[in-house]
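To keep things clear, I will list the structure first and then write my remarks on it.
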Amino acid sequence: QVQLVESGGGLVQAGGSLRLSCVASGTIFSINDMGWYRQAPGNQREMVALISNDSSTNYLDSVKGRFTISRDNVKNTVYLQMNSLKPEDAVVYYCYADIIDHTGRPYDYWGQGTQVTVSS
């Protein structure tokens with residue numbers, strides 16, 4: 001079984017910073033894309049940042065220049081450094097990974113979600 005476990009959410013003042021982490025564990029053959037999505041109540045989940053296994057990145061327009069995604073392929077971990085946080089960034093963030101497990105097939109995996117709260 002594969003699990004994604006997130007950490008790093010919490011409360012921060014507007015303009016502050018948080019760093020999210022997500023570790024993939026279990027029977028993993030390889031990992032393709034990793035990334036972060038977010039979802040506000042009543043809204044669809046949206047992609048915040050993605051990073052491929054060769055470190056190519058893609059960002060939501062509204063976070064470009066403020067958020068930075070990175071990964072450690074040895075530790076099967078993806079990070080999201082969030083700077084200059086705004087009240088509109090205050091939603092639940094979900095870790096995502098496209099993982100090839102022992103079956104040799106790729107599957108989408110999701111973390112349980114971590115709340116980011118930004119006080120104005």
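Keep in mind the model is a prediction, meaning the values are calculated, not measured. We're numbering straight along the sequence, starting at 1.
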(message) Ignoring hydrogens, what is the shortest heavy-atom contact between Leu80 and Ala49? Give both atom names and the distance.
(response) CD1-CB, 4.1 Å
(request) Mind listing the closest non-hydrogen atom pair of Ile99 and Ala24 along with its distance? (result) CD1-CB, 4.1 Å
(request) Check whether any side-chain N or O of Arg71 sits under 3.5 Å from a backbone N or O of Asp54 as a donor-acceptor pair, and report yes or no. (result) no
(message) Closer than 3.5 angstrom, by distance alone: can the side chain of Glu6 be matched with the main-chain N or O of Cys95 as a donor-acceptor pair?
(response) yes
(message) If you count every heavy atom of other residues, nucleotides or ligands that lies below 6.0 Å from Glu88 atom CD, does the total exceed 12?
(response) yes
(request) Identify whether Leu20 and Val12 are in the same connected component of the hydrophobic contact network (ILVMFWY, side-chain heavy atoms under 4.5 Å). (result) yes
(request) To the nearest 0.5 angstrom, please state how far the CG atom of Asn32 sits from the OG atom of Ser52. (result) 9.0 Å
With a 3.5 Å cut-off and sequence neighbours excluded, list the donor-acceptor pairs that the side chains of residues 112-120 form with protein atoms.
unit_1	atom_1	unit_2	atom_2	d
Thr114	OG1	Gly9	N	3.4

(message) Just to verify, what does Lys86 make a salt bridge (charged side-chain N to carboxylate O under 4.0 Å, His left out) with, not counting sequence neighbours?
(response) none
(message) Show every ring pair (Phe, Tyr, Trp, His ring centres under 6.0 Å) that has at least one partner inside residues 42-92, sequence neighbours left out.
(response) none
(request) Check step by step if side-chain contact (heavy atoms from CB on, under 4.5 Å) holds for Asp98 and Ile31. (result) CA-CA 6 Å; Asp98 176 12; Ile31 304 178; 5.9 Å; no
(request) Following the transitive rule for hydrophobic clusters with a side-chain heavy-atom cut-off under 4.5 Å over Ile, Leu, Val, Met, Phe, Trp and Tyr, establish whether Val2 and Val78 coincide in one cluster. (result) yes
(message) Check whether Thr103 reaches the backbone of Asp101 with its side chain - one donor and one acceptor, N or O, closer than 3.5 Å.
(response) no
(request) Would you give the length of the straight line joining atom OG of Ser56 to atom CG of Asn58, rounded to the nearest 0.5 angstrom? (result) 9.5 Å
(message) Can you confirm whether more than 12 heavy atoms, excluding those of Gln3, are under 6.0 Å from its CD atom?
(response) no
(request) Taking the side chain as every heavy atom from C-beta outward, state whether Ile28 and Asn76 have any pair of such atoms under 4.5 Å apart. (result) yes
(message) Would you say CZ of Phe29 has more than 12 non-hydrogen atoms from neighbouring residues, nucleotides or ligands within 6.0 angstrom?
(response) no
(request) Could you identify which residues cluster with Tyr94, counting Ile, Leu, Val, Met, Phe, Trp and Tyr as linked when any side-chain heavy atoms lie under 4.5 Å apart, either directly or through a chain of such contacts? (result) Tyr37, Met47, Leu50, Val92, Tyr96, Trp110
(request) Return each pair, listed once, that meets salt bridge (charged side-chain N to carboxylate O under 4.0 Å, His left out) where at least one residue sits in residues 32-53; pairs must be two or more places apart or across chains. (result) Arg38-Glu46, Arg38-Asp89
(request) Would you list the pairs meeting side-chain hydrogen bond (donor to acceptor under 3.5 Å, both in side chains) in which at least one residue belongs to residues 10-28, sequence neighbours left out? (result) Ser17-Asn83
(message) When you group the ILVMFWY residues by side-chain heavy-atom contacts below 4.5 Å and let the links chain together, are Tyr109 and Ile100 in the same group?
(response) no
